[in-house]
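Accompanying notes for the structure given below.
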Amino acid sequence: MYNTTEISKNLYYVGGNDRRIALFESAFPVPRGVSYNSYLLLDQKTVLFDTVDIAASEVFFENVEHVLGGRALDYLVIHHMEPDHSASFVRLMEKYPGVTVVTNQKVKAMLSNFFHFEGENVLVVKEGDTMSVGGRTLKFVFAPMVHWPEVMFTYIPEDGILFSADAFGTFGALAGSVFADEVDFERNFLDDARRYYFNIVGKYGVQVQNVLKKAAGLEIKLVCPLHGPVWRSNFAWFLQKYDTWSKYLPEERGVAVFYSSVYGHTQNAAEILAATIARNGVKNVKAYDVSVTHVSDLLAEAFRYSHVVFATTTYNNGIFISMEHFLSDLKAHAYQKRKYALVENGSWAPQAGGYMEAIVREWKEMRKIGETVTLLSAVKEDTRAQLEALGGEIAADVLKETDA
Ligand code: FEO
């Protein structure tokens, strides 16, 4: 049965949720599910903005049919070709063969690659092109590499509506409310939004900054992303988050201590360090066992804080597996602009610190605090003193108002 919401005059939410999915894109746990958003505009022409993942396709097609109310579907605007938004394309074309696809040249090529679609009824648009659909105008704003090359936004100037593709999206299914201001977004969605941003889009901060500059020139009243709630108020608050995130700046002054530990000694060192930092007045301290917490959460937390600690055992003459994976994921997402400290352990030949330092030094604007603390198995009084000294240095640095 259909389940739609009118989100603006004659504009309807026609997407759906998936709470059965275990791993989004086979990579990211989504315990709160995910929504696949699609929007249908009724003007003199009818316009569908994107389709949905197969998981939400049944309710999606019922929604579209219900909102159309017997009218033909004139246009399908495709902003992004990842299959979580395009997988229902073929069935849509079968059901509404008269529809004209409105999109860009890169999407057209991907339609062929993904679906062997070579149809003639494609209207190819370019950056800045406009088309009237009756009382409203669609203006196309390209957003390359946010986070795929074909991505574009659509802006409706008459209503100040921006269809923003994956940008401003979040993990987490919609629980009845479509609008961000109908829920406690900061409590219910911000952690998921941050994790979504850094894992999916985060590598492309420069491109996000470029599109934010384009968006700054638009009067925006409603933002319709492809995942998560629709924004109709207080969008400036979320936009500020995106600005901070895409500049790779810390969201909060604080410390995230990341450790891997085989027998508990490196954990012990990490906890002594965390306790010292807290005892020195830092309230914002987190500690994570990187072998336990999913790397997508670790990545988001690393980007969240101004200071990070990497503490790990030496393993197979290198860095312990889960820490090596985490560091490699940070590198892949262009991690940068943080203060860091290192702790290494090794029962006979501790070497992980040197290997970690070689990796971190390749990242932009990383500044080390103190010397690497080296443990030989368990923490002793001398290494405890070194950890406490390091913790004091880290705390003093965090408590400075700024790194500028
Ligand atoms: Fe939600 Fe990039 O797909």
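Indexing begins at 1, ligand by ligand and atom by atom, following the structure's order. Throughout, numbering of the chain's residues begins at 1 and tracks the sequence.
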Problem - Flag if over 12 foreign heavy atoms under 6.0 Å of NZ, Lys214 - result: yes
Handout entry: Shortest-distance N/O/S atom, Glu82 versus atom 2 (Fe) of ligand 1
Key = OE1
Handout entry: Heavy atoms of other groups near Glu158 CD, more than 12 under 6.0 Å
Key = yes
Handout entry: atom 1 (Fe) of ligand 1 to nearest N/O/S of Asp166 less than 2.8 Å
Key = yes
Handout entry: Heteroatom N/O/S of His85 within less than 2.8 Å of atom 2 (Fe) of ligand 1
Key = no
Practice task
Ignoring hydrogens and angles, state whether a donor on the side chain of Thr312 or Ser260 is under 3.5 Å from an acceptor on the partner side chain.
Solution key: yes
Practice task
Give a rough value, rounded to 10 degrees, for the angle at atom 1 (Fe) of ligand 1 between atoms OD2 of Asp84 and NE2 of His227.
Solution key: 80°
Problem - Option from Tyr13, Tyr2, Phe61 for which ring-ring contact (aromatic ring centres under 6.0 Å, His included) with His66 holds - result: Tyr2
